[in-house]
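Down below is the structure, laid out as structure tokens.
Worth saying up front: this structure is predicted, and the values here are computed from it rather than measured.
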Amino acid sequence: MKKIFSMLLVSALGGIFTLSAYKIFIENNHSELVTTTDTEAVSIPTTPVNNMGNYKAYEAPDFSVAAENTVNAVVHVKNVTLSSGQMTFQDFFYGRSPQRAQVGTGSGVIINADGYIITNNHVIKNAQELSVTLNNNKTYTAQLIGADSKNDIALLKIDADEALPFVTFADSDNVKIGEWVLAVGNPFNLTSTVTAGIISAKSRDLSGTSSQSFLQTDAAVNPGNSGGALVNTKGELVGINTAISSQTGSYIGYSFAVPSNIARKVIEDILEYGNVQTGILGIQGGALNSSVAEKIGINDTEGVYIDSVVEGSGADKAGLKNGDIIKEIDQIKVSKFSDLTGHLSAKRPGDVVNLTLLRDGSIKNVNVTLAKNNTYNMPLVGRIKNTTSSDLKKLKANNGVKIIELNGEYEQYWKNNGILEGSIITSINDVKVNTVDDVQNILKERSTYEPIRLELINTNGQRERFNFR
């Protein structure tokens with residue numbers, strides 16, 4: 001018994017000794033290591049794990065409402081064109097025409113219950129027959145109401161037996177980069193299909209001429225989806241899908257849409273005026289960047305620099321000057337020229353826009369009334385504009401419109417015949433012309449196979465006549 005008690009006592013003393021040694025050596029050494037470090041702690045902000053559920057950024061977006069509001073309003077468009085092929089022996093023997101039917105397809109969007117449909121101009125170009133198939137598989141013959149090749153927009157009409165589902169327009173100026181969108185198309189007459197993506201960029205100009213202003217999205221759009229709807233998460237129309245950037249013809253990550261504000265303005269013009277009304281600001285210039293800014297001796301690298309102001313234009317009357325920099329239009333930031341032209345594409349002659357200008361280091365706000373476009377791209381000839389009294393006096397003409405740019409395809413023909421830029425067209429088909437509107441009306445009323453007879457005064461003051469069949 002004494003032996004057992006002795007062993008327990010020894011064990012207890014050993015434990016006490018070990019614990020004391022730990023306190024003296026180990027804890028003291030550890031404390032020494034901590035207190036001697038001179039590195040400051042780095043604080044990294046993190047999202048509290050318990051609050052993750054409160055952040056919508058981590059929630060998967062729900063597109064079901066947008067898809068439900070859109071799919072039945074997106075249609076399949078079929079375009080039948082006739083092309084002239086080489087006559088074969090069988091054609092000659094059986095008396096058949098060498099013309100062959102070619103079928104093109106695309107998509108379209110119903111924009112009101114009465115059957116008006118918006119699509120791309122390139123979808124219906126040169127059509128002899130147009131048909132539209134709805135998402136419920138009903139097919140109708142479509143009538144072309146009008147088209148605008150510049151903005152690649154066309155308006156069709158079908159006569160349905162019932163009120164049709166349609167998509168309402170949203171304000172595309174309010175679309176934000178990074179916003180979720182759906183691309184809805186009906187490419188193969190297999191009923192509407194939906195893809196999702198975000199707005200990747202705004203005011204994209206694919207032509208390099210500052211004449212376009214597309215929305216860019218990474219929603220998958222393939223051939224056949226042209227003319228389909230780009231909608232926000234509410235199912236409202238923010239754009240008409242138009243093009244893809246691809247060397248293969250298939251989607252590779254970039255697609256483009258005409259903003260809804262431009263598309264809506266185009267079809268409203270077609271319905272009200274029969275053609276597109278273009279509001280002109282009246283300036284010439286270009287977008288700023290580092291090299292341009294250095295060249296003209298300024299520090300700004302964003303905005304549109306005004307090189308010259310067109311005499312008598314709205315810009316001229318509002319007091320705009322050479323050297324002004326346009327920073328905003330209607331409180332919308334202008335970083336590049338397509339920001340400006342894109343906004344103006346949704347305006348008409350007579351509309352007033354507010355410009356924020358940088359002039360001599362000071363900010364200035366100016367209201368400008370847009371003027372009517374006095375130029376027109378005339379078939380065969382090129383771009384023409386209204387003449388001034390000095391234009392007429394210079395060539396001793398009583399009336400006419402001035403050629404300001406020759407058609408590239410026929411430029412050499414005109415030059416060979418003594419017609420240069422600056423020549424004046426005085427009559428078309430024996431009807432005197434005074435304005436660009438006169439030219440457009442004459443060509444519009446002309447029958448398809450009627451020749452075009454032109455009378456011109458060249459830059460030497462000589463009268464010339466041309467007859468085209």
Any side-chain heavy atom of Lys78 sitting closer than 4.5 Å to one from Leu130?
no

Please determine whether the number of non-hydrogen atoms from other residues, nucleotides or ligands lying under 6.0 Å from atom CG of Asn299 exceeds 12.
no

Backbone N or O of Gln412 within a donor-acceptor pair of the Asn416 side chain at under 3.5 Å?
yes

Can you tell if the side chain of Val352 reaches within under 4.5 Å of the side chain of Leu370, non-hydrogen atoms only?
no

Would you say Ser107 and His76 make side-chain contact, with heavy atoms under 4.5 Å?
no

Which pair of non-hydrogen atoms, one from Ser335 and one from Glu302, has the smallest distance, and what is that distance?
OG-OE2, 3.5 Å

Kindly indicate, with the supporting measurements, whether the criterion salt bridge (Lys or Arg N to Asp or Glu O under 4.0 Å) is fulfilled by Lys321 and Asp324.
CA-CA 6 Å; Lys321 299 179 179 180; Asp324 286 347; over 6 Å; no

Would you check if the side chain of Asn69 reaches a backbone N or O of Lys234 as a donor-acceptor pair within less than 3.5 Å?
yes

Using only heavy-atom distances, determine whether the side chains of Asp360 and Ser362 contain a donor-acceptor pair under 3.5 Å.
no

Which heavy-atom pair separates Phe337 from Ala287 by the least distance, and what is that distance?
N-CB, 3.6 Å

Can you check side chain to side chain contact (heavy atoms under 4.5 Å, CB included) on Ile363 and Thr356, steps first, answer last?
CA-CA 7 Å; Ile363 294 295; Thr356 301; 3.7 Å; yes

So does Ala229 get a backbone contact from the side chain of Asn241, meaning a donor-acceptor N/O pair under 3.5 Å?
yes

Has Asp300 got a side-chain atom pairing as donor or acceptor with Ala293's backbone, closer than 3.5 angstrom?
no

Among residues at least two apart in sequence or on other chains, which ones pass salt bridge (charged side-chain N to carboxylate O under 4.0 Å, His left out) with Lys317?
none

Side chain to side chain donor-acceptor pair (under 3.5 Å) evaluation trace for Asn261 with Asp171
CA-CA 6 Å; Asn261 286 2; Asp171 185 349; 2.8 Å; yes

Side chains of Arg348 and Thr278 in contact at under 4.5 Å (non-hydrogen atoms):
no

Given 3.5 Å as the limit, does a donor-acceptor pair link the side chain of Ser255 with the main chain of Ala219, or not?
yes

Please confirm whether the backbone N or O of Val292 pairs with a side-chain atom of Asn289, one donor and one acceptor, at under 3.5 Å?
yes

Straight-line distance of Lys333 NZ to Lys202 NZ, nearest 0.5 Å:
12.0 Å

If you measure from CZ on Arg463 to CG on Leu456, what distance do you get to the nearest 0.5 Å?
10.0 Å

Take Asp269 and Asn275 through the test side chain to side chain contact (heavy atoms under 4.5 Å, CB included) and record every step on the way to the result.
CA-CA 6 Å; Asp269 282 356; Asn275 54 41; over 6 Å; no

Would the distance check show the side chain of Ser427 and the main-chain N or O of Asp430 forming a donor-acceptor pair, the cut-off being under 3.5 Å?
no

Could you list the residues that satisfy ring-ring contact (aromatic ring centres under 6.0 Å, His included) with Phe466, not counting sequence neighbours?
Trp414

Leu134 and side-chain contact (heavy atoms from CB on, under 4.5 Å): which single residue from Leu164, Asn72, Val74 fits?
Leu164

Nearest-0.5 Å distance that lies between atom CG in Asn151 and atom CG in Asn120:
11.0 Å

For Thr193 and Pro187, which heavy atoms make the closest approach, and how far apart are they?
OG1-CD, 3.9 Å

Any chance NZ of Lys265 has more than 12 other-residue heavy atoms, nucleotides or ligands included, within less than 6.0 Å?
yes

Please report the interatomic distance CD1(Ile325) to CG(Leu358), rounded to the nearest 0.5 Å.
5.0 Å

Just list the side-chain donor-acceptor pairs under 3.5 Å for residues 392-401, sequence neighbours left out, or say none.
| from | atom 1 | to | atom 2 | distance (Å) |
| --- | --- | --- | --- | --- |
| Asn399 | ND2 | Thr426 | O | 2.9 |
| Asn399 | ND2 | Val433 | O | 2.9 |

Heavy atoms of Val109 and Gly228 approach each other most closely as CG2-C, 3.7 Å

Nearest 0.5 Å please: distance from the NZ atom of Lys347 over to the CG atom of Leu281.
12.0 Å

Are Thr387 and Ile424 side-chain neighbours, meaning at least one heavy-atom pair lies under 4.5 Å?
yes

Just checking, is any N or O donor in the side chain of Thr81 or Asn126 under 3.5 Å from an acceptor N or O on the other one?
no

Is Asn112 reaching over with its side chain to a backbone N or O of Asp114, donor-acceptor style, under 3.5 angstrom?
yes

Steps toward side chain to side chain contact (heavy atoms under 4.5 Å, CB included) verdict (Val309, Asn322)
CA-CA 7 Å; Val309 178; Asn322 301 358; 4.0 Å; yes

Are Tyr116 and Leu156 side-chain neighbours, meaning at least one heavy-atom pair lies under 4.5 Å?
no

Return the OG to OH distance between Ser131 and Tyr140, rounded to the nearest 0.5 Å.
12.5 Å

Kindly check if the number of other-residue, nucleotide or ligand heavy atoms within 6.0 Å of NZ (Lys372) is above 12?
no

Between Thr242 and Ile240 (side chain of the first, backbone of the second, donor and acceptor by atom type, cut-off under 3.5 Å), is there such a pair?
yes

If every non-hydrogen atom of Val436 is compared with every non-hydrogen atom of Ile384, which pair is closest and at what distance?
CG2-O, 4.1 Å

Over all heavy atoms of both residues, which pair between Asn174 and Glu179 is shortest? Give the atoms and the distance, please.
O-OE1, 4.3 Å

Kindly determine whether Thr435 and Asp437 satisfy side chain to side chain donor-acceptor pair (under 3.5 Å), including the steps that lead there.
CA-CA 5 Å; Thr435 66; Asp437 287 342; 4.9 Å; no

Neighbour count above 12 (heavy atom, 6.0 Å) for Glu268 CD:
yes

Can Gln284 and Ser308 be said to form a side chain to side chain donor-acceptor pair (under 3.5 Å), step by step?
CA-CA 5 Å; Gln284 293 178 335; Ser308 62; 3.0 Å; yes

So, does Ser338 use its side chain to make a donor-acceptor pair with the main chain of Ser203 at under 3.5 Å?
yes

Can you confirm whether Phe166 sits close enough to Thr70 that some side-chain heavy atom of one is under 4.5 Å from a side-chain heavy atom of the other?
no

Ignoring hydrogens and geometry beyond distance, is a side-chain donor-acceptor pair present between Thr388 and Asp391 at under 3.5 Å?
yes

In plain terms, say whether Glu455 and Lys432 are close enough for a salt bridge, that is, a side-chain N and a carboxylate O under 4.0 Å apart.
no

Matching residue for Val75 among Asn186, Ile110, Thr133 - test: side-chain contact (heavy atoms from CB on, under 4.5 Å)
Ile110

Does Asn467, at its CG atom, have more than 12 non-hydrogen atoms belonging to other residues, nucleotides or ligands within less than 6.0 Å?
yes

Side chains of Ile329 and Leu344: does their closest heavy-atom pair fall under 4.5 Å?
yes

Residues Gln440 and Asp438: side-chain donor-acceptor under 3.5 angstrom
no

